[in-house]
Asks: 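Just dropping this structure here.
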Amino acid sequence: MSFKLVTTVLASFVVHIAASASSPNDVGFIYQGFRSSNLSLDGLAEVTKSGLLQVTNFTKSQMGHAFYPNPINFKNNSNSSAFSFSTHFVFAIVPEVSGRSGHGLAFVIAPTRGLPGGLATIFLGLLNISTNGNADNHVFAVELDTVQNEEFNDINDNHVGIDINSLNSTVSKPAGYHEHEKNSFDNLTLGSSQLMQLWVEYDGVDKRIDVTLAPSKAVKPNTPLLSLSYDLSSLVQQTMYVGFSASTGILAAGTAHFVLGWSFKMNGIAQALDLSRLPNLPRLHSKKVSKFFTLGLPQICIFLLLIVIFGVAYYLRRKRKFAEVLEDWELAYGPHRIKYKDLYIATKGFREKELLGEGGFGQVYKGVLPANNMEVAVKKVSHQTRQGMREFIAEIVSIGRLRHRNLVPLLGYCRRKGELLLVYEFMSSGSLDSYLYNQPKSTLNWSQRLRIIKGVASGLFYLHEEWEQMVIHRDVKASNVLLDSELNGRLGDFGLARLYDHGSLPRTTHVVGTIGYLAPEQSRTGKATTSTDVYAFGAFLLEVICGRRPIDPEAPAEKVVLVDWVDSCWRAGDIFQVVDQNLSTLYVEEEAELVLKLGLLCSHSEPRTRPSMRQVLLYLERSAALPEFSPRGISATGFGFDDITMSLSFSEEKGRSPSLTESVLSCGR
Ligand SMILES: *[C@@H]1O[C@H](CO)[C@@H](O)[C@H](O)[C@H]1NC(C)=O
Ligand SMILES: *[C@@H]1O[C@H](CO)[C@@H](O)[C@H](O)[C@H]1NC(C)=O
Ligand SMILES: *[C@@H]1O[C@H](CO)[C@@H](O)[C@H](O)[C@H]1NC(C)=O
Ligand SMILES: *[C@@H]1O[C@H](CO)[C@@H](O)[C@H](O)[C@H]1NC(C)=O
Ligand SMILES: *[C@@H]1O[C@H](CO)[C@@H](O)[C@H](O)[C@H]1NC(C)=O
Ligand SMILES: *[C@@H]1O[C@H](CO)[C@@H](O)[C@H](O)[C@H]1NC(C)=O
Ligand SMILES: *[C@@H]1O[C@H](CO)[C@@H](O)[C@H](O)[C@H]1NC(C)=O
């Protein structure tokens with residue numbers, strides 16, 4: 001015997017003791033499942049093995065009755081008024097075909113156990129055509145009606161009604177409930193196979209009938225669905241029977257009406273049902289069909305469905321994985337667009353192993369293009385808005401046409417949602433700054449450094465003056481100089497800073513320019529010019545010769561700002577003290593002095609004093625002599641570390657303001 005059975009037996013045992021022990025006017029009972037009950041059943045009604053009260057099964061045009069076997073006193077004598085009573089039950093209306101339930105279930109109080117004249121279908125097993133509306137019936141019912149019958153003025157096909165001697169309900173409302181302590185009203189569908197609870201309460205003093213419906217898990221609502229002022233004293237006889245009546249329809253499929261638990265109390269409040277102890281509803285629609293249909297077919301269907309779902313999911317995932325953004329205006333740049341799928345394959349799915357580095361704009365991955373086995377570097381730039389993307393792509397593509405042996409060639413681009421991918425030729429020797437700072441990579445010797453400097457100068461000159469449009473690099477620095485297999489310096493990342501100006505990058509990602517390379521006037525105005533590029537180039541020269549960054553916060557105070565340190569060493573007559581220790585004495589003093597002074601000249605705080613890149617090339621080639629200029633004093637430049645940080649935050653502000661930006665490509669020079 002299961003635990004449930006034991007408790008059910010115990011419960012009903014307790015019930016009967018309670019019923020027989022107290023006053024005959026205070027009858028009460030509770031059925032948490034009906035397994036050991038002694039209900040009076042007729043028609044289709046039966047108690048299933050699991051203890052469910054099944055008032056009807058799926059047979060059509062039939063009815064069933066289930067009554068508490070003993071008569072109950074409803075008043076003291078035939079002349080007195082009716083007692084208060086309350087009942088609570090959990091039910092489910094299960095149609096064979098979902099959405100087509102009929103006809104309904106009713107809680108009923110009647111003078112007899114069987115409702116002998118009751119008819120099926122529209123009469124719910126309660127009455128018949130000749131008795132409907134007759135005061136001699138002494139029949140009280142609360143109907144849970146799932147069919148709209150115009151014969152009885154039904155309001156709809158899903159309502160709860162109070163029936164007094166008649167199937168024409170005295171009052172009725174669409175099924176639903178006011179959630180406990182809330183004002184909302186939620187609809188319920190009676191014939192939905194869902195478990196629901198119903199409370200019917202009669203107040204013998206106030207002469208009021210309250211009917212409350214709720215889903216099975218809900219707390220009893222404060223507000224009843226139906227509340228009718230009515231004196232049942234003349235309807236009820238001294239002893240009555242309580243129970244359930246239900247009927248199935250004529251049409252199509254039948255409906256099973258289940259009651260899972262039921263409590264009743266005369267002159268008191270019905271005991272609450274413990275929902276966890278109620279029997280379970282049977283597996284629905286278990287018609288005996290061949291095993292193929294019950295087992296084989298559904299399994300095959302599920303299998304096929306799974307295949308389809310996986311197929312669609314795979315297709316969608318793949319589609320999303322390789323999705324690109326392509327707008328009409330981009331069609332003109334067709335040859336410069338590279339398929340995301342190709343880049344994905346090239347970088348082996350942007351594997352961490354392929355990560356070359358992480359710059360201010362995003363990660364750079366190494367890859368091999370599947371089409372031509374070409375080694376490339378793919379830069380992933382995340383951007384948030386489309387704003388400015390069109391102009392930027394136009395520039396990228398035009399920059400892509402730049403060809404110079406000291407520039408890193410841009411091969412093409414690809415656009416995805418929130419992501420821009422720029423594809424560059426792969427530079428096998430990596431970036432210059434790793435040679436300068438990340439030992440143990442071999443130290444560059446003097447002639448290599450000089451060659452790199454000349455190469456970068458020539459590349460920058462090409463950008464400024466030799467190409468059809470003037471291009472301002474905006475971010476000249478050692479980490480943007482890449483070395484090819486022959487250790488030629490090649491400028492990379494040109495024009496990328498424009499993406500920031502176009503407002504396509506989040507402000508926090510990058511500052512236009514880099515600390516230590518920003519010309520003072522650029523910090524003030526936010527405006528990049530060829531002259532500000534020259535300033536950065538000056539800082540770069542010092543960086544390469546001295547083997548340290550333009551600003552080193554950890555250096556002793558007088559050495560923090562490289563320009564100032566070189567400057568002060570020159571004034572002190574010992575400029576060679578600044579040359580990279582790694583070179584020891586293996587450098588040409590004359591050339592070192594020239595490059596250091598040129599660096600100072602380029603990084604002069606007064607823009608007009610700075611040479612053009614054309615002049616820089618002449619000085620480097622010794623075709624022209626460096627002009628005489630005196631070391632600047634700190635007071636003259638007034639450009640200490642504090643100023644740099646201050647002006648930097650200032651430039652960030654400017655970078656955000658579009659009015660202060662200007663196009664990197666000043667056309668029609
Ligand atoms: C319904 O119950 C009746 C009486 O118990 C029985 O004869 C009939 O076969 C049942 N129908 C179904 C569909 O279970
Ligand atoms: C069950 O109820 C019937 C009356 O409907 C009664 O005759 C019978 O004694 C009851 N049996 C039990 C076990 O209560
Ligand atoms: C029924 O009678 C009892 C005692 O005789 C009395 O206390 C009770 O109020 C009466 N109830 C009604 C509804 O008349
Ligand atoms: C009920 O009332 C009727 C008339 O009002 C009276 O004749 C009858 O004796 C009363 N019955 C009881 C049981 O009080
Ligand atoms: C209607 O019900 C009454 C009483 O239950 C019965 O006498 C009568 O024969 C029934 N009429 C029909 C048409 O079933
Ligand atoms: C029930 O309502 C129908 C439709 O309005 C009406 O024809 C019939 O007479 C009513 N019956 C009763 C008993 O009120
Ligand atoms: C609830 O049912 C009524 C009619 O029965 C309908 O008018 C109303 O739109 C339904 N509300 C919701 C939220 O479905």
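Counting begins at 1 with the first residue of the sequence. Counting starts at 1 for both ligands and their atoms, following the listed order.
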Asks: For a distance cut-off of 3.5 Å, show me each N or O of ligand 1 paired with any protein N or O, plus the separation.
Replies:
from: ligand 1; atom 1: 2 (O); to: N57; atom 2: ND2; distance (Å): 2.2
from: ligand 1; atom 1: 11 (N); to: N57; atom 2: ND2; distance (Å): 2.9
from: ligand 1; atom 1: 11 (N); to: T59; atom 2: OG1; distance (Å): 3.0
from: ligand 1; atom 1: 14 (O); to: N57; atom 2: ND2; distance (Å): 3.4

Asks: Could you give me the CA-CA distance, side-chain angles and deciding distance for S86 and W199, then say whether side chain to side chain donor-acceptor pair (under 3.5 Å) is met?
Replies: CA-CA 7 Å; S86 105; W199 291 263; over 6 Å; no

Asks: With no hydrogens and no angle check, do the side chains of H257 and T56 hold a donor and an acceptor under 3.5 Å apart?
Replies: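 Looking only at side-chain atoms, T56 and H257 do form a donor-acceptor pair, the distance falling under 3.5 Å.
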
Asks: For ligand 5, which atoms, with element, lie under 4.0 Å from some heavy atom of N128?
Replies: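 Once the distances to N128 are compared, the set is 1 (C), 2 (O), 3 (C), 8 (C), 10 (C), 11 (N), 12 (C), 14 (O).
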
Asks: Return yes or no for this condition: an N or O of N168 is under 3.5 Å from an N or O of ligand 6.
Replies: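 N/O-N/O distance under 3.5 Å: yes.
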
Asks: Which atoms of ligand 5 have any heavy atom of S130 under 4.0 Å away?
Replies: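 Once the distances to S130 are compared, the set is 1 (C), 11 (N).
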
Asks: Using a 4.0 Å cut-off to any heavy atom of G133, which atoms of ligand 6 qualify?
Replies: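 Listed by number with element, the hits are 13 (C).
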
Asks: Hey, could you give me each pair passing side chain to side chain donor-acceptor pair (under 3.5 Å) that has a residue in residues 237-250? Not counting sequence neighbours.
Replies: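 Only H65-S245 qualify under side chain to side chain donor-acceptor pair (under 3.5 Å).
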
Asks: Is E354 reaching over with its side chain to a backbone N or O of A346, donor-acceptor style, under 3.5 angstrom?
Replies: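 Here the side-chain-to-backbone pair does not exist.
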
Asks: Determine whether F85 and I109 make a side-chain contact, defined as any pair of heavy atoms from C-beta on separated by less than 4.5 Å.
Replies: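 A side-chain contact exists here, since the closest heavy-atom pair is under 4.5 Å.
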
Asks: Evaluate the side-chain proximity of F350 to L355: yes if any heavy-atom separation is below 4.5 Å, no if none is.
Replies: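 Sidechains of F350 and L355: no contact.
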
Asks: Applying salt bridge (Lys or Arg N to Asp or Glu O under 4.0 Å), name anything that partners D210, two or more places apart in sequence or on another chain.
Replies: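 For D210, the residues satisfying salt bridge (Lys or Arg N to Asp or Glu O under 4.0 Å) (neighbours in sequence not counted) are R208.
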
Asks: Could an N or O of ligand 6 be found under 3.5 Å from any N or O of N132, whether backbone or side chain?
Replies: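 Looking only at distances, the answer is no, because the N/O contact criterion of under 3.5 Å is not met.
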
Asks: Which residues satisfy the ring-ring contact (aromatic ring centres under 6.0 Å, His included) test with F123, sequence neighbours excluded?
Replies: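 For F123 the ring-ring contact (aromatic ring centres under 6.0 Å, His included) partners, ignoring immediate neighbours, are F152.
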
Asks: Geometry only, no angles: is E150 polar-contacting ligand 6 at N/O separations under 3.5 Å?
Replies: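 No, E150 has no N/O under 3.5 Å of an N/O on ligand 6.
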
Asks: May I ask whether T131 has any heavy atom positioned less than 4.0 angstrom from an atom of ligand 5?
Replies: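 Distance cut 4.0 Å: T131 passes for ligand 5.
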
Asks: I'd like to check which ligand 6 atoms, numbered from 1 as shown, lie under 4.0 Å from a non-hydrogen atom of E151.
Replies: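 Answer for ligand 6: 1 (C), 2 (O), 3 (C), 4 (C).
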
Asks: Taking both backbone and side-chain atoms of P116, is any N or O found less than 3.5 Å from an N or O belonging to ligand 5?
Replies: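 In this structure, P116 places no N or O atom under 3.5 Å from an N or O of ligand 5.
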
Asks: Does a side-chain heavy-atom distance below 4.5 Å link L167 with I122?
Replies: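 In short, these two side chains do not touch, never coming nearer than 4.5 Å.
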
Asks: For the pair K173 (side chain) and L225 (backbone), establish whether a donor and an acceptor sit closer than 3.5 Å, ignoring hydrogens and angles.
Replies: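 Confirmed, K173 side chain pairs with L225 backbone.
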
